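Encoded as structure tokens, the structure appears first; notes follow it.
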Number of protein chains: 2
Amino acid sequence: MCQLLALSCAEPTDVSFSLTGFAARGGLTDHHVDGWGVAFYEDRACRVFVDEKPAYQSPVAAFLKSYPIKSRNVVAHIRKATQGGARVENCHPFMRELRGQQWVFAHNGDLRPLGEPESGPYAPVGTTDSEAAFCFIMNRLSAHFAANTNTNTSTNSDTNVDDIDAVFNVIEQATRTLNTFGIFNFVLSNGQAQFAYCSTRLSYVIRHWPFSSARLVDGDLSVDFAERGTPADRTAVIATTPLTDEVWTACQPGDLLMFRSGALLRRAHVAVPADVLATSKYAVSEQSAVPA
Amino acid sequence: MCQLLALSCAEPTDVSFSLTGFAARGGLTDHHVDGWGVAFYEDRACRVFVDEKPAYQSPVAAFLKSYPIKSRNVVAHIRKATQGGARVENCHPFMRELRGQQWVFAHNGDLRPLGEPESGPYAPVGTTDSEAAFCFIMNRLSAHFAANTNTNTSTNSDTNVDDIDAVFNVIEQATRTLNTFGIFNFVLSNGQAQFAYCSTRLSYVIRHWPFSSARLVDGDLSVDFAERGTPADRTAVIATTPLTDEVWTACQPGDLLMFRSGALLRRAHVAVPADVLATSKYAVSEQSAVPA
């Protein structure tokens with residue numbers, strides 16, 4: 001299994017505090033040693049940094065510590081390979097362009113083969129179940145948001161991919177299919193919103209004014225956000241397990257959430273099949289927040 | 001205008017010598033200060049590093065010097081903005097996935113607006129003429145290599161994108177259209193081959209066994225490739241202007257070239273319209289190789 005991290009911020013934010021704690025799980029405080037990656041949105045651009053080395057000893061991770069990129073939307077992942085070797089093409093997050101927006105995706109879980117790929121323009125480059133699932137979602141989005149193509153025959157399509165509620169609906173429907181194939185915790189962003197699904201384990205915390213301090217669970221590092229934050233700042237941090245001693249909210253299996261500018265905007269329930277919950281290596285009771 | 005660099009290598013190669021000379025042009029020995037970028041293929045994966053800062057003072061460039069990535073196919077670009085601000089989303093190389101392969105593109109030149117976009121799944125994220133041209137080519141490739149979609153009605157399509165001669169043919173046709181819009185020097189790769197077009201200015205050199213030494217034009221640095229190279233090594237370096245004191249071949253306007261594993265495999269002529277040649281700021285006579 002892997003570990004997920006996503007941040008949704010009202011203002012461009014230096015996220016190196018969260019990344020530091022998260023990267024420690026890549027081989028130092030946890031056993032996720034088969035690569036890692038992080039995607040930073042900067043306005044319309046999205047820069048993805050991936051490395052097949054463990055995060056805690058990755059030169060790319062060390063570089064990013066010395067060169068913090070301010071971002072409103074971040075997706076990160078550290079990998080414990082279940083399917084696909086420790087190769088760069090199998091490192092999350094994966095990225096694809098749809099209708100002039102970059103979309104990124106990271107997955108925690110283990111899916112059975114999806115069978116025949118969904119029709120559409122997106123196909124996996126690597127050999128992971130995760131990238132196959134991402135391409136499934138992207139092909140669904142592509143079909144819905146009728147791409148600018150003369151050959152598209154869909155009669156029930158939107159054209160405005162900026163309508164994040166319409167995006168949410170497509171992701172919800174795709175998740176209903178994909179979560180029957182196994183454990184499917186994920187985070188997905190198009191730079192405008194963060195979509196997060198809890199199949200078995202996911203937590204989040206929302207920081208807002210007046211801020212307090214936080215201490216990393218995975219390292220001897222504290223930050224007093226009150227010294228830095230302004231009333232305009234607001235940050236949602238979503239992670240497989242809590243990164244800090246703040247009061248995190250444990251998602252329930254089946255929660256599909258949408259965050260924007262650090263706020264939780266929408267929630268839906270996509271039931272997790274009983275056989276998936278039963279085979280989960282993670283007991284749901286382990287999801288409780290870590291108190292201060 | 002901008003500067004292009006591409007490398008096609010028979011073996012995974014540390015290309016930091018060429019990148020060092022090239023990066024110096026990003027503000028130090030030349031005036032290309034509006035960002036830069038480089039894409040490295042590693043088997044099927046392609047990692048793209050871009051920065052809106054000048055290459056010679058970019059932290060990302062400094063990092064790559066200390067962390068050389070070995071690659072068989074590299075595409076790099078330093079930018080002097082003509083269209084689109086100095087923002088990350090406007091930095092080349094641009095990347096898109098098609099049929100499970102990553103494709104990257106970098107452009108030197110200046111195109112008039114292309115008008116209505118070509119039908120297909122690819123659309124620009126930023127505001128450059130270059131990314132619009134890349135999406136035009138990708139949509140042509142997508143239409144030709146009938147994507148896995150039920151709605152594709154093309155009756156004259158291949159399905160094997162590994163057929164680099166078929167890819168060459170599509171790129172040749174797309175170039176016939178695009179080079180009527182202005183100056184259109186480019187390099188494009190799918191990780192299997194390098195495609196390079198000379199609209200006004202492009203040169204290349206092929207290094208093979210027995211190797212000799214080379215000195216950078218843009219810096220006080222020499223490498224004796226004879227000390228390192230083996231008979232299995234072979235590298236083609238393609239650049240806007242020669243990077244070293246080796247004997248480079250100046251392309252003729254209209255040359256469309258395909259390199260694979262360090263060898264020039266194929267050449268076609270796509271005539272450059274007279275009005276484009278006439279408006280070129282670069283005199284063709286400046287293309288001569290720099291002798292040792």
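Residue numbers start from 1 in every chain, and the chains themselves are labelled A, B, ... in the order their sequence lines are given, proteins ahead of strands. Bear in mind that the values here come from a model prediction, so they are computed numbers and not experimental data.
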Going through the distances and angles, do A/Asp51 and B/Tyr67 end up as a side chain to side chain contact (heavy atoms under 4.5 Å, CB included)? CA-CA 12 Å; A/Asp51 204 357; B/Tyr67 181 57; 3.2 Å; yes

Assess whether side chain to side chain contact (heavy atoms under 4.5 Å, CB included) is satisfied between B/Leu98 and A/Tyr122, documenting all intermediate values. CA-CA 7 Å; B/Leu98 167 66; A/Tyr122 301 97; over 6 Å; no

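Within the 4.5 angstrom heavy-atom criterion, only side-chain atoms of B/Arg47, from C-beta onward, approach chain A. The contact between B/Pro124 and chain A is made entirely by backbone atoms, counting heavy-atom distances below 4.5 Å. If you measure heavy-atom distances from B/Phe49 to chain A, the contacts under 4.5 Å come from the side chain alone. Within the 4.5 angstrom heavy-atom criterion, atoms from both the backbone and the side chain of B/Val60 approach chain A.
Of the residues considered (A/Arg96, A/Met95, A/Glu42), A/Arg96 shows the highest number of contacts with chain B, using heavy-atom pairs under 4.5 Å.
Counted within 6.0 Å of CZ on B/Arg176, heavy atoms from surrounding residues, nucleotides or ligands total more than 12; the atom is thus considered enclosed.
A salt bridge does not link A/Glu89 to B/Arg44: none of the charged nitrogens lies less than 4.0 Å from a carboxylate oxygen.
With hydrogens and angles disregarded, a donor-acceptor distance shorter than 3.5 Å links the side chain of A/Glu97 to the backbone of B/Ala123.
Here the side chains of A/Ser66 and B/Phe63 are not in contact, with every heavy-atom distance at 4.5 Å or above. Side-chain contact between B/Arg87 and A/Asp43 is present, with heavy atoms from C-beta onward closer than 4.5 Å.
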